Amino acid sequence: MKENPRVFVSDGMDGLARRAGRDLLAPLRAAADCRVWPHVRPAAREDLREELAEAEGVLCLLTDVLDAELLAGCPDLRVISSISVGVDHIDLDAATSQDIVVGNTPGVLTETTADLAFALLLTAGRRVVEAGDFLRTGAWAKSRWAIDSFVGRDLHGATLGIVGLGPIGQAVARRAQGFGMRVLGWSRSGREVLGVRGVALEQLFAEADFVSLHVALTAETRGLIDARALAAMKPGVVLVNTARGGVIDQPALVEALESGQLGAVGLDVFESEPIDAEHPLLGFPNAVLTPHIGSASVETRVRMVDLAVANLLAGLRGEPLPACANPGAER
Ligand code: GLV
């Protein structure tokens, strides 16, 4: 590795380091001339442009958009290491054509993200947030226990349709089997998974009582869950998304909630993040909404940072990355 390569880190991650009890960036500081974004506010596009103009490596978050136009202004950049499994915020073709290797963090967040997907299936299905708000606002104290209060949907005995059978979809399937659900699955490659009945998307929509999305956001999956797909689902279906907001046509989703076609939704991701505080989705009591926390456990976030640092160091040394999202760029 060149002595002291210039590296930009778009977030100091002090809070996570405190929780982990160690400096997560220490290996990077030891090997590189490391500039860490010093502000509380996130680095804006113009900041990134400036910071990356002379950088050879960058450790970034899924909120840092590195598109072709921005990358064109980064002549020295050799490695992008994102602390995320999703890389839809990076133009992989542009990076590859500039010989920039891109690292990501698959594997280490699989179970934690599947836990959140399952939490949303349970919470939306059993109306946990809505019922909790009823108690907290004092409404329960002013009324009584009623036989039909907050009746929701059973997971056991119901059919779950998993869209996307990669590692996270498979981890959700294992949980669903433990809960006594019948599991249907669809993947573009037709992948076979033990205990999951592989079906066409149309059949999955027609039969599933719960649908959980686990596809990466690509040109093919953008808007996959559009008005037609929503109309093809069983009336009253519970839809959960922990993948990327762009997989769902959000205005169509709002309409399907308004019409009652959707029984409930559990959404951790949105077309635009953070979601506007005035967004119509916030008005539905049967919409359980969380702020993109799929991988948010201390252990998993630390594993993600460690892997991303290892990716960056390997790339700077000219070695294969432990997890590379554009193997075509590896020399
Ligand atoms: C989270 O959404 C990730 O891509 O890691």
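Order of listing sets the numbers, starting from 1, for every ligand and every atom in it. Because the structure is predicted, anything quoted here is derived from the model rather than measured.
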Are side-chain heavy atoms of Leu52 and Leu66 found at a separation under 4.5 Å? yes

Check whether any N or O atom of Ser84, backbone or side chain, sits under 3.5 Å from an N or O atom of ligand 1, and answer yes or no. no

For Met304, the ligand 1 atoms with a heavy-atom partner under 4.0 Å come out as 5 (O)

Mark up the atoms of ligand 1 that fall under 4.0 Å of a heavy atom belonging to Leu109, in ascending order. 5 (O)

Taking only heavy atoms of Arg244 into account, list the atoms of ligand 1 that are under 4.0 Å away from them. 1 (C), 2 (O), 3 (C), 4 (O)

For a salt bridge (charged side-chain N to carboxylate O under 4.0 Å, His left out) with Glu56, tell me which candidate from Arg317, Arg35, Arg6 qualifies. Arg6

Under a 4.0 angstrom heavy-atom cut-off, which atoms of ligand 1 come close to Gly86? 3 (C), 4 (O)

Would you check the N or O atoms of Ser295, main chain and side chain alike, for any that come under 3.5 Å of an N or O of ligand 1? no

Would you please say whether a donor-acceptor pair under 3.5 Å links the side chains of Thr242 and Asp268? no

Under 4.0 Å from one or more heavy atoms of His292, ligand 1 contributes atoms 1 (C), 2 (O)

Hey, are the side chains of Val238 and Asp209 touching, using non-hydrogen atoms and a 4.5 Å cut-off? no

Is the closest basic N to carboxylate O distance between Arg49 and Glu69 below 4.0 Å? yes

Please work out which of the three classes, parallel, tilted or perpendicular, describes the rings of Phe118 and Phe179, given edges at 30° and 60°. tilted

Glu278, CD atom: more than 12 neighbouring heavy atoms under 6.0 Å: no

Tell me, which protein residue and heavy-atom name are nearest atom 5 (O) of ligand 1, and how many Å apart are they? Val85 N, 2.8 Å

Do any nitrogen or oxygen atoms of Leu62 lie less than 3.5 angstrom from nitrogen or oxygen atoms of ligand 1? no

